[in-house]
Each structure stands twice: as C-alpha cells, then as structure tokens.
Amino acid sequence: MAAGELEGGKSLNGLLNALAQDTFHGHPGITEELLRSQLYPEVPPEEFRPFLAKMRGILKSIASADMDFNQLEAFLTAQTKKQGGITSDQAAVISKFWKSHKTKIRESLMNQSRWNSGLRGLSWRVDGKSQSRHSAQIHTPVAIIELELGKYGQESEFLCLEFDEVKVNQILKTLSEVEESISTLISQPN
Amino acid sequence: MEASSEPLLDAKSEVTNQLVDFQWKLGMAVSSDTCRSLKYPYVAVMLKVADHSGQVKTKCFEMTIPQFQPLLLATSSLLSASNFYRQFKEIAAVIETV
C-alpha cells in the first residue's frame, strides 16, 4: 500500500468533512467513488475502500465517546501504534478536525437522538382587543406566541398560542420553576 | 434557534389556540446507540391546547438548555409588553376624557 498517497492533510481533511456530513449532519449521498476521484484520484478503489472505512470508524469512535483532548491524544497515539493503523501525520489532521468540529458534531448527535419535536424557533407579539375609542372599558392586551416545532429531518410545524395577562403570568411562574430545576441540576457535581 | 425580541408582524399559522395545560420535566440524555456519551440535560414539555371549536390536542416537544433560555426571556418580554400596552391604553383613555 502506498502510504505516501494516502497522506496529504488537505485531502484527509476534505474526507473527514464529507464523512461528518454523511454520518452526523444528515447529508448523505456523497459516494465513495466521488470522494476517491476528488480527493485521492491516484489511489485504486480497492485500497480506498478500507481506508475510508477506517477513517469513518475512527471518527465515529471519537464522536461516540465525546472525547476530550486528553482522551483524543491517547486514542490517536494508540491508533498510530496499531498494525494497519494510521500515520502520525494523519493523527494530526484528525485531531485538528475534531477540535474544530466537535461542537457542531455533538449538536447533530443531540438532534438525532431527540425523537420528539424540537423547538426550532419562536416569535411573539401583543395585540390589543378593544371595543371602541370612546368605550370606558379597559383595553385588554392579548399575547400571541408562535412556536416553530419540528422532528429531526422533517418540516416545521407552527403552533400559535393566545394568552391573556393572567395566563402569561402563570406560564412565567412555571418557566421560573423549570429554571430553578435547571440551576439545581447544573450546580450538582456529577 | 432564533428568538426575536421584536414582535413579529405576521404569524405563519392562521389559527390561534388556547393553552389548557402545561406540563414539563427536566431530563438527562445519557447514552444512545449512535453516541455512548451524550450527557446533556433537556426540558421536555407537554402542552394541551384547545382550538376555537374546543377540540383539545396534545403537543410534545423538547428543548436543550440553551433553547429554553430564549423561551423564558420571550415570555418575560411578553408580560412587560402586555403591561406596557395596558398602561398605555389607560393613559390614552384618560387623556381623551380631559
């Protein structure tokens, strides 16, 4: 196997990007042949396939364990020492890739593991309900919240809710209770 | 996720619903088949909403903690805006009688 042809930081970085798009970010459809011809044109397909599988496996292991930088270095060092493992140049490229993409990949993994709808966005406004300019009646505000909900990989659904002030107060109280729970959870050592 | 601090002009949904019930829980995702080390807290919400005909539907969704904060902020802003609106209208009504 011509290890020299399989090195080259730019190509490997491009490969890792494509793998991340396919595996984590939900953008499949980049074929093996396309990757090979674009990034490693001199490598024959029968050599490229195991190489691709190896890189995919390494990336998946790192993401699955949500490795911190110490774990990452230890893991990659072990890979360089293995029979049929990776070179130290490749390890350096992978390390750099994980450090800059870790947050985004983790976010994708979180989205993938949520099987309920997620909250994609929200907007609000206040409308006025009034009878006439000359009415002595106090004008009542109506609060409107629009929630954008959606399951992973599916179109958004919009839910429009209407509240009077009393209701808004109640909800605010409930949300404050949620926030208190969150604070308690975060302040506990795990 | 976007949360506009300025009121929206145009709701995308034609129908508004009344909120009948709001239940919540705070959970922690630990592990999954694609990720052995998930470790993130999330807020799960179950809403019961009634449309104009009185029909009640259940809507469930989840938020991460960074997504929850804008919801809290928006509700708080909504209350301030409601207060402001009411006070403004009261003042306007008083001025008219003078």
Side-chain angles (χ1 to χ4, degrees), chain A residues 24 60 63-67 106-107 109-110 112-114 116-128 130 133-136 138-149 157-165 167-172 174-179 181-182 185-186 190, chain B residues 1-4 7-9 11-19 22 24-26 28-29 32-45 47 49 59-65 67-72 74-79 81-86 88-90 92-93 96-97:
Chain A
F24 306 117
K60 272 183 155 176
S64 185
D66 190 33
M67 289 187 191
R106 193 165 153 66
E107 208 180 295
L109 284 171
M110 278 161 55
Q112 276 179 2
S113 70
R114 177 190 304 132
N116 256 325
S117 294
L119 182 63
R120 289 180 178 167
L122 79 94
S123 309
W124 61 267
R125 73 168 192 259
V126 173
D127 279 1
S130 58
R133 290 177 69 224
H134 304 294
S135 167
I138 291 172
H139 301 270
T140 47
V142 173
I144 299 176
I145 279 188
E146 184 184 73
L147 301 173
E148 184 182 355
L149 307 173
E157 177 200 347
F158 292 89
L159 180 65
C160 209
L161 300 170
E162 210 178 81
F163 312 102
D164 59 21
E165 259 186 277
K167 204 80 193 220
V168 176
N169 256 312
Q170 282 174 0
I171 291 164
L172 195 56
T174 304
L175 293 178
S176 302
E177 287 167 11
V178 179
E179 192 176 48
S181 270
I182 292 171
L185 179 70
I186 287 174
N190 54 345
Chain B
M1 188 193 99
E2 300 153 35
S4 58
L8 56 67
L9 297 173
K12 289 177 193 63
S13 158
E14 299 296 313
V15 178
T16 60
N17 301 276
Q18 297 289 321
L19 184 65
F22 181 126
W24 62 272
K25 73 176 180 223
L26 181 62
M28 177 73 83
S32 79
D33 60 330
T34 50
C35 188
R36 293 290 187 262
S37 182
L38 276 174
K39 284 185 315 194
Y40 69 89
Y42 63 92
V43 179
V45 170
L47 301 178
V49 301
K59 298 280 181 194
C60 294
F61 62 94
E62 287 178 21
M63 297 171 269
T64 60
I65 306 307
Q67 289 169 341
F68 170 75
Q69 298 300 343
L71 180 63
L72 181 60
T75 307
S76 182
S77 301
L78 201 55
L79 190 63
S82 295
N83 274 332
F84 173 76
Y85 176 85
R86 188 170 36 75
F88 176 77
K89 284 292 182 180
E90 281 172 13
E96 269 189 21
T97 65

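Only this structure's heavy atoms are used, side chains among them; waters, hydrogens and symmetry mates stay out. Letters A, B, ... are given to chains in the order of the sequence lines, protein chains preceding strands, and every chain is numbered from 1. Every value quoted in this text rests on a predicted model; they were computed, and no experiment measured them.
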Exercise: identify the closest heavy-atom pair between A:Ser113 and B:Leu38:
OG-CD1, 3.8 Å
Applying side-chain contact (heavy atoms from CB on, under 4.5 Å), run through B:Thr34 and A:Ser64 and close with a yes or a no.
CA-CA 7 Å; B:Thr34 50; A:Ser64 185; over 6 Å; no
Locate the shortest heavy-atom distance separating A:Arg125 from B:Leu78; write the atom from each residue and the value.
O-CD1, 3.9 Å
Among the listed options A:Leu172, A:Asp66, A:Asn169, the residue most often paired with chain B at heavy-atom distances under 4.5 Å
A:Leu172
Would you name the heavy atoms of B:Ser82 and A:Ala143 that are closest together and state the gap between them?
OG-CB, 4.2 Å
With rounding to the nearest 0.5 Å, note down the distance linking CE in A:Met67 to OG in B:Ser37.
10.0 Å
Which bit of A:Asp164 comes within less than 4.5 Å of chain B, counting heavy atoms only: side chain, backbone, both or neither?
neither
Between B:Ala81 and chain A, with a heavy-atom cut-off of 4.5 Å, which part of the residue counts as in contact: side chain, backbone, both or neither?
both
Which pair of non-hydrogen atoms, one from B:Thr75 and one from A:Val168, has the smallest distance, and what is that distance?
O-CG1, 3.9 Å
Got A:Pro141 and B:Phe84 here, is their nearest side-chain heavy-atom distance under 4.5 Å?
no
Should B:Trp24 and A:Glu177 be marked as a side-chain contact (heavy atoms from CB on, under 4.5 Å) after you check the CA-CA gap, both sets of side-chain angles, and the distance that decides it?
CA-CA 10 Å; B:Trp24 62 272; A:Glu177 287 167 11; 4.2 Å; yes
I'd like to check A:Ile182 versus B:Pro41 (side-chain heavy atoms, cut-off strictly below 4.5 Å). Are they in contact?
no
With rounding to the nearest 0.5 Å, note down the distance linking OH in B:Tyr40 to CG in A:Leu109.
9.5 Å
Who passes salt bridge (charged side-chain N to carboxylate O under 4.0 Å, His left out) against A:Glu157, sequence neighbours left out?
B:Lys59
Decide yes or no on side-chain contact (heavy atoms from CB on, under 4.5 Å) for A:Glu179 and B:Gln69, but give the supporting numbers first.
CA-CA 8 Å; A:Glu179 192 176 48; B:Gln69 298 300 343; 3.3 Å; yes
How many angstroms lie between OG in A:Ser117 and CE in B:Met63, if you round to the nearest 0.5 Å?
12.0 Å
Assert top hit (heavy-atom pairs under 4.5 Å, partner chain A, pool B:Ala29, B:Cys35, B:Ala44, B:Ser32) equals B:Cys35
Please examine the side chains of A:Glu165 and B:Asn83, heavy atoms only from C-beta on, and report whether any two atoms are closer than 4.5 Å.
yes
Pair A:Leu147-B:Leu47, side-chain contact (heavy atoms from CB on, under 4.5 Å): steps then yes or no:
CA-CA 12 Å; A:Leu147 301 173; B:Leu47 301 178; 4.1 Å; yes
Under 4.5 Å to a heavy atom of chain A? For B:Leu72 that would be both
Does A:Glu148 have any salt bridge (charged side-chain N to carboxylate O under 4.0 Å, His left out) partners at least two apart in sequence or in another chain, and if so, which?
none
For the atom pair CG (B:Leu26) and CG (A:Leu185), what is the distance rounded to the nearest 0.5 Å?
5.0 Å
Under 4.5 Å from any heavy atom of chain B - which part of A:Leu149
side chain
Could you give the distance from OG1 (B:Thr16) to CD (A:Glu146), rounded to the nearest 0.5 Å?
11.0 Å
If you take all heavy atoms of A:Cys160 and B:Val15, which pair is closest and at what distance?
CB-O, 3.3 Å
Could you look at A:Gln112 and say if it's the side chain, the backbone, both or neither that has a heavy atom under 4.5 Å from chain B?
side chain
Contact origin within A:Ile145 toward chain B - heavy atom pairs under 4.5 Å
side chain
What's the shortest heavy-atom distance between A:Leu119 and B:Phe61, and which atoms?
CB-CD1, 4.1 Å
How about B:Phe68 and A:Leu175: do any of their side-chain heavy atoms sit closer than 4.5 Å?
yes
Please flag which part of B:Leu79 lies under 4.5 Å from any non-hydrogen atom of chain A: side chain, backbone, both or neither.
both
Rounded to the nearest 0.5 Å, what separation is found between the OH atom of B:Tyr42 and the CE atom of A:Met110?
11.5 Å
